[in-house]
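Hydrogens, waters and symmetry mates are skipped; everything else that's a heavy atom, side chains included, is used. Every value quoted in this text rests on a predicted model; they were computed, and no experiment measured them.
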Amino acid sequence: IAAAITACGSSAGEAAQSSIAQADREELVAVWKAANEKTTALTSAALSAFMDINAQSGNEDFESGMNTEILLNEAGQENMACLWNTDTSLNGELSVETITFYADGYYYMDLPERKVKCALSPEQMEGQFEKMLSVWMLDPDCATEISIEEEADSRIITFTGDAGKTEEYLRRSMEYSKSPMAGMKRKIKKSEGEVVVDSQGYMKSQILKVELTLGTNGSQIDMTMNMKLIYHWPGESVSVELPSRDGYIEVDTESFLLTSSGSFEEEAARVGRFWKTAHF
């Protein structure tokens with residue numbers, strides 16, 4: 001990993017903060033990118049992903065939240081195991097929970113409409129997982145203003161996001177999740193975030209806060225999106241306790257992947273259908 005950038009003039013025990021000059025920007029971005037690469041290369045990981053949406057259109061308010069907990073062990077290996085639980089809420093009243101997991105060459109989906117399983121190789125499942133992370137992971141090239149704060153065991157990178165690149169990030173995320181917002185015209189008003197890198201060079205967390213407007217059917221929706229990704233104990237082994245595998249009906253893998261565009265996307269599509277109750 002690139003050498004840590006240390007701000008000058010700080011006393012011992014104090015967090016040191018500095019604005020990054022253009023000459024130092026490339027080195028700081030290299031630290032960020034190296035943390036992305038080192039963390040996504042982990043074969044075992046425990047993650048939490050959160051997304052909260054607050055929207056206003058005329059006199060109507062809408063709040064939605066999606067929390068996902070993910071456990072992964074031995075990615076790409078014969079004994080690969082993965083479990084992720086997703087809880088989606090709407091206006092603090094409706095809630096849908098989804099449990100999906102992978103073990104012994106099968107991907108299991110426990111959705112309200114059905115319980116199915118299909119055969120996937122560990123390499124295929126690892127590819128699905130990597131694709132999901134690539135959608136979530138922030139690209140340091142999206143940052144305009146950027147600064148760093150040094151702490152005893154971590155580096156905190158704060159940034160202001162470029163409007164165009166933030167819009168591209170949201171577009172990929174919405175298309176991946178099959179959100180009904182994916183086809184709407186977006187205008188980014190403000191974006192800012194924080195990335196925390198630990199002393200071993202792993203990503204500890206990333207936060208992105210975006211204020212934007214959406215255009216649909218001749219009306220405008222004002223929206224605030226808060227997204228957070230947390231890596232728990234990066235670099236350490238992870239234990240995955242899997243639920244019962246009884247009651248799942250096996251389906252043809254090729255047909256399943258063609259109709260759902262992949263395992264993670266099928267779950268995301270269900271979340272997208274749930275969001276449509278907001279009448280976007």
Item to check | Whether Ser121 side chain and Gln124 backbone form a donor-acceptor pair below 3.5 Å | outcome: yes
Next on the checklist: Are Tyr248 and Val240 connected into the same hydrophobic cluster when the rule is that any two of I, L, V, M, F, W, Y join if their side-chain heavy atoms are below 4.5 Å apart?
Outcome noted: yes
Checklist entry - What residues, two or more places apart in sequence or in another chain, satisfy side-chain contact (heavy atoms from CB on, under 4.5 Å) together with Thr213? => result Lys187, Lys189, Gln220, Asp222
Next on the checklist: One thing to verify: whether Glu168 and Lys165 come together as a salt bridge, which I'm taking to mean a side-chain N less than 4.0 angstrom from a carboxylate O.
Outcome noted: no
Checklist entry - So which heavy atom on Ala103 is nearest to which on Leu242, and how close? => result CB-CD1, 3.2 Å
Item to check | Met137 vs Thr40 side-chain heavy atoms within contact, under 4.5 Å | outcome: yes
Next on the checklist: Listing request: all ring-ring contact (aromatic ring centres under 6.0 Å, His included) pairs with a residue in residues 145-173, at least two apart in sequence or in separate chains.
Outcome noted: Trp32-Phe159
Item to check | Thr39 (side chain) donor-acceptor with Asn36 (main chain) under 3.5 angstrom | outcome: no
Checklist entry - Checking Thr253 side chain against Ala119 main chain: does a donor-acceptor pair fall under 3.5 Å? => result yes
Can you give the donor-acceptor pairs under 3.5 Å from side chains of residues 228-238 to other protein atoms, not counting sequence neighbours?
{"unit_1": "His232", "atom_1": "NE2", "unit_2": "Ser48", "atom_2": "OG", "d": "2.7"}

Item to check | Exceeds 12 heavy-atom contacts within 6.0 angstrom, atom NZ of Lys115 | outcome: yes
Next on the checklist: Would you compute the distance between atom OG of Ser89 and atom CD of Glu97 and round it to the nearest 0.5 angstrom?
Outcome noted: 10.5 Å
Checklist entry - For Asp141, which residues count as a salt bridge (Lys or Arg N to Asp or Glu O under 4.0 Å) partner, sequence neighbours excluded? => result Lys33
Next on the checklist: Can you tell me how far apart OG1 (Thr144) and CD (Glu192) are? Round to the nearest 0.5 Å.
Outcome noted: 10.5 Å
Checklist entry - From Leu72 CG over to Glu126 CD, what is the distance, rounded to the nearest 0.5 angstrom? => result 8.0 Å
Item to check | Option from Asn67, Thr68, Thr98 for which side-chain hydrogen bond (donor to acceptor under 3.5 Å, both in side chains) with Thr86 holds | outcome: Thr68
Checklist entry - Sequence neighbours excluded, which residues qualify as side-chain contact (heavy atoms from CB on, under 4.5 Å) partners of Glu250? => result Tyr106, Lys117
Item to check | ILVMFWY network linking Ile156 to Met227, side-chain heavy atoms under 4.5 angstrom | outcome: no
Next on the checklist: I need the Glu241 CD to Leu71 CG distance, nearest 0.5 Å.
Outcome noted: 10.0 Å
Checklist entry - Measuring from Leu212:CG to Met223:CE, what's the distance to the nearest 0.5 Å? => result 6.0 Å
Checklist entry - If you round to the nearest 0.5 Å, how far is OG1 of Thr100 from OH of Tyr108? => result 13.0 Å
Checklist entry - Tell me the salt bridge (charged side-chain N to carboxylate O under 4.0 Å, His left out) pairs involving residues 62-91, sequence neighbours left out? => result none
Item to check | Within the 6.0 Å centroid threshold, strictly below: Trp84 and Tyr107 | outcome: yes
